[in-house]
Amino acid sequence: MNKILIVEDDPIQQQKLHGILKQTGAQVFIATNGQQGITMAEQEKPDLIFMDIVMPGVDGFSACRHITGGESTRDIPVVIVSSKHQEADRVWAQLQGASSLVAKPFSDQDILDQVKEFS
């Protein structure tokens with residue numbers, strides 16, 4: 001796993017995810033909203049994306065749909081990281097192209113397990 005993109009508008013969650021993901025030795029990028037996430041996914045071609053749902057402007061589901069439907073980005077796994085984790089949210093995330101869903105609050109191990117799964 002060389003490059004991981006975090007798409008998250010909350011600075012505290014950004015730092016928490018960044019701290020966990022740095023342990024993997026990957027280069028970690030941060031986008032602060034869905035539109036920036038789409039742009040960075042197209043430019044950096046990360047190996048994995050961790051995506052929040054509720055963000056200003058383009059939300060995580062729309063960004064996920066765009067990335068997983070894009071010609072150059074469709075093979076990048078997107079893991080939704082959200083406090084919305086009912087069964088309906090899980091199903092909706094999959095319908096948007098997400099590979100997995102991690103519930104907030106998450107543990108370091110929850111995130112590292114996702115990295116391992118998509119390596």
Side-chain angles (χ1 to χ4, degrees):
M1 191 77 35
N2 299 326
K3 293 182 180 180
I4 300 175
L5 174 61
I6 299 166
V7 186
E8 168 66 71
D9 62 326
D10 179 333
I12 294 165
Q13 295 292 332
Q14 286 172 8
Q15 288 308 314
K16 183 170 183 189
L17 279 167
H18 188 267
I20 296 166
L21 294 169
K22 281 310 261 186
Q23 299 171 37
T24 67
Q27 190 176 5
V28 181
F29 300 89
I30 297 176
T32 57
N33 60 53
Q35 185 56 57
Q36 196 179 34
I38 292 166
T39 302
M40 288 182 82
E42 290 168 348
Q43 289 172 347
E44 298 296 337
K45 305 286 189 294
D47 300 297
L48 181 61
I49 298 172
F50 286 91
M51 175 89 64
D52 186 26
I53 295 175
V54 181
M55 293 181 286
V58 177
D59 70 21
F61 283 143
S62 297
C64 180
R65 216 172 26 249
H66 189 95
I67 291 166
T68 59
E71 187 68 37
S72 65
T73 53
R74 70 168 50 123
D75 295 329
I76 304 169
V78 177
V79 176
I80 298 290
V81 182
S82 178
S83 52
K84 299 166 77 103
H85 51 83
Q86 301 302 319
E87 188 55 35
D89 300 308
R90 213 170 272 284
V91 169
W92 185 246
Q94 286 176 330
L95 289 173
Q96 306 315 302
S99 300
S100 187
L101 188 142
V102 173
K104 288 180 185 174
F106 51 81
S107 70
D108 290 19
Q109 197 57 54
D110 292 335
I111 299 301
L112 294 172
D113 286 347
Q114 294 298 316
V115 173
K116 200 176 297 171
E117 184 172 331
F118 294 107
S119 290

**Student:** Please answer whether the main-chain N or O of G34 pairs with a side-chain N or O of S62 as donor and acceptor at a distance below 3.5 Å.
**Tutor:**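 Side chain of S62 to backbone of G34: no pair is present.
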
**Student:** Is the shortest distance from a Lys or Arg side-chain nitrogen in K16 or E8 to a carboxylate oxygen in the other one below 4.0 Å?
**Tutor:**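 No salt bridge links K16 with E8.
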
**Student:** List in chain and number order the residues that pass salt bridge (Lys or Arg N to Asp or Glu O under 4.0 Å) with E71, two or more places apart in sequence or in another chain; answer none if no residue qualifies.
**Tutor:**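 Applying salt bridge (Lys or Arg N to Asp or Glu O under 4.0 Å) to E71 gives R74.
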
**Student:** I'd like to know if the side chain of K3 reaches the main chain of L48, judged simply by a donor and an acceptor atom lying under 3.5 Å from each other, with no hydrogens or angles considered.
**Tutor:**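 Here the side-chain-to-backbone pair does not exist.
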
**Student:** Determine yes or no for a side-chain-to-main-chain donor-acceptor pair under 3.5 angstrom, with D108 supplying the side chain and I20 the backbone.
**Tutor:**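 The answer is no, because no donor-acceptor pair under 3.5 Å joins these two groups.
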
**Student:** Would you please name every residue forming a side-chain contact (heavy atoms from CB on, under 4.5 Å) with V54, sequence neighbours left out?
**Tutor:**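 For V54, the residues satisfying side-chain contact (heavy atoms from CB on, under 4.5 Å) (neighbours in sequence not counted) are K84.
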
**Student:** So do Q96 and T68 actually touch side chain to side chain, heavy atoms under 4.5 Å?
**Tutor:**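 Counting from C-beta outward, T68 and Q96 never come under 4.5 Å.
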
**Student:** Taking the side chain as C-beta and beyond, is there a heavy-atom pair between V81 and D52 under 4.5 Å?
**Tutor:**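 When only atoms from C-beta onward are counted, D52 and V81 do not touch, as no gap falls below 4.5 Å.
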
**Student:** Is any side-chain heavy atom of V58 less than 4.5 Å from a side-chain heavy atom of I38?
**Tutor:**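 Side-chain contact under 4.5 Å: yes.
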
**Student:** Backbone N or O of T32 within a donor-acceptor pair of the Q36 side chain at under 3.5 Å?
**Tutor:**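 Answer holds: yes.
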
**Student:** With a 4.5 Å limit on heavy-atom distance, are the side chains of F50 and I111 in contact?
**Tutor:**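 F50 reaches I111 side chain to side chain.
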
**Student:** Check this for me: Q109, atom CD, are more than 12 non-hydrogen atoms of other residues, nucleotides or ligands nearer than 6.0 Å?
**Tutor:**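 For Q109, atom CD is crowded (more than 12 foreign heavy atoms under 6.0 Å).
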
**Student:** Can you tell me if D89 uses its side chain to pair, donor with acceptor, with the backbone of Q86 under 3.5 Å?
**Tutor:**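 Looks like yes, one N/O pair under 3.5 Å.
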
**Student:** Would you say that K104 contacts S82 through its side chain, given a criterion of any heavy-atom pair below 4.5 Å between the two side chains?
**Tutor:**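 Counting from C-beta outward, K104 and S82 never come under 4.5 Å.
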
**Student:** Would you indicate whether the side-chain heavy atoms of N33 and D9 approach each other to under 4.5 Å?
**Tutor:**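 Side chain of D9 against side chain of N33, heavy atoms only: no contact under 4.5 Å found.
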
**Student:** Crowded around K22 NZ? As in, over 12 foreign heavy atoms under 6.0 Å?
**Tutor:**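 Yes.
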
**Student:** So I80 and V102, do their side chains get closer than 4.5 Å, heavy atoms only?
**Tutor:**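 They are not in contact (no side-chain heavy atoms under 4.5 Å apart), so the answer is no.
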
**Student:** Less than 3.5 Å apart, any donor N or O on the side chain of T73 or E42 sitting next to an acceptor on the other?
**Tutor:**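 Checked: T73/E42 side chains show no N/O donor-acceptor pair below 3.5 Å.
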
